[in-house]
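A quick write-up on the structure given underneath.
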Amino acid sequence: QVRLVESGGDLVQAGGSLRLSCSASGIILSSNLMGWFRQAPGKQRESVGTRSSDGNTNYADSVKGRFTISRDNAKNTVYLQMNSLKPEDTAVYYCRAVFGSTIYWGQGTQVTVSS
């Protein structure tokens, strides 16, 4: 059974930093396309960034230069380092793994950025 578990969400002041983690069981993250998404209240879920199995990353324009996706293969964990946080980054953050035609989601972790 595949399970993705996010952690690291918190309340932080604008300009601060957080690192989110996505730990996996039942699937090897390094072999899959990984992504971080977020959903703010009243808005659709949107992509924050992705990291392919060969390490290529892509980021939404709104987070470029501030957010970084990395991976620890030994821990089977993907991270989202978020710097220079803004109030508009407030959302529930989800990790997603794509394995072939199957998509797996975590349960989400809340990030709140106060002004």
Exercise for review: Start with the C-alpha distance between Thr77 and Ser21, add both sets of side-chain angles, then the distance that settles side chain to side chain contact (heavy atoms under 4.5 Å, CB included), and finish with yes or no.
Suggested key: CA-CA 7 Å; Thr77 298; Ser21 301; 4.1 Å; yes

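- Linking ILVMFWY side-chain heavy atoms closer than 4.5 Å, directly or via other members, places Met34 and Val2 in a single hydrophobic cluster.
- With sequence neighbours excluded, the residues satisfying side-chain hydrogen bond (donor to acceptor under 3.5 Å, both in side chains) with Asn83 are Ser17, Gln81.
- For Asp54, the side-chain hydrogen bond (donor to acceptor under 3.5 Å, both in side chains) partners at least two apart in sequence or on another chain are Ser52, Asn56.
- In this structure the side chain of Asn58 never reaches within 4.5 angstrom of the side chain of Arg51, judged on heavy atoms.
- Sparse packing is recorded around CD1 of Ile28, with 12 or fewer heavy atoms of other residues, nucleotides or ligands lying under 6.0 Å away.
- Checked by atom type and distance alone, the side chain of Gln39 never pairs as donor or acceptor with a backbone atom of Val92 at under 3.5 Å.
- Annotation: side-chain hydrogen bond (donor to acceptor under 3.5 Å, both in side chains) contacts of Lys64 (sequence neighbours excluded): Asp61.
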Point to revise | Steps toward side chain to side chain donor-acceptor pair (under 3.5 Å) verdict (Gln110, Thr112) | key: CA-CA 6 Å; Gln110 176 71 47; Thr112 303; 3.3 Å; yes

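- Applying the disulfide (SG to SG under 2.5 Å) rule to pairs touching residues 11-95 yields Cys22-Cys95, sequence neighbours excluded.
- Once rounded to the nearest 0.5 Å, the distance linking CZ of Arg66 with CG of Leu85 reads 6.5 Å.
- Across every non-hydrogen atom of Leu29 and Ala97, the tightest pair is CD2-CB, 4.5 Å.
- Residues Ala40 and Thr90 approach most closely at CB-O, 3.6 Å, considering heavy atoms.
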Practice item. Show your reasoning for whether side chain to side chain contact (heavy atoms under 4.5 Å, CB included) applies to Gln107 and Glu6. Key: CA-CA 7 Å; Gln107 84 290 347; Glu6 301 97 334; 2.9 Å; yes

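- Taken to the nearest 0.5 Å, the CG atom of Asn32 stands 7.5 Å off from the OG atom of Ser53.
- The ring pair (Phe, Tyr, Trp, His ring centres under 6.0 Å) analysis of residues 48-87, with sequence neighbours excluded, yields no pairs.
- Taken together through direct or relayed side-chain contacts under 4.5 Å among Ile, Leu, Val, Met, Phe, Trp and Tyr, Val12 and Leu20 form part of one hydrophobic cluster.
- Taking every heavy atom of both residues into account, Ala60 and Ser47 meet most closely at CB-O, 3.5 Å.
- The minimum heavy-atom distance between Ile27 and Ala24, with the atom names listed, is CG2-CB, 3.8 Å.
- Side chains of Trp36 and Arg96 form no contact here, defined as non-hydrogen atoms less than 4.5 Å apart.
- Taken to the nearest 0.5 Å, the CE atom of Met82 stands 11.5 Å off from the OG atom of Ser84.
- Screening residues 92-115 for ring pair (Phe, Tyr, Trp, His ring centres under 6.0 Å) gives Phe37-Trp105 as the qualifying pairs, with residues at least two apart or on separate chains.
- A distance of 8.0 Å separates CD in Gln13 from CG in Leu11, rounded to the nearest 0.5 Å.
- Residue Val98 is not grouped with residue Ile69 when hydrophobic side chains (ILVMFWY) are merged at heavy-atom distances under 4.5 angstrom, including chains of intermediate members.
- With respect to Arg71, the side-chain contact (heavy atoms from CB on, under 4.5 Å) criterion is satisfied by exactly one of Asn76, Thr57, Val78: Val78.
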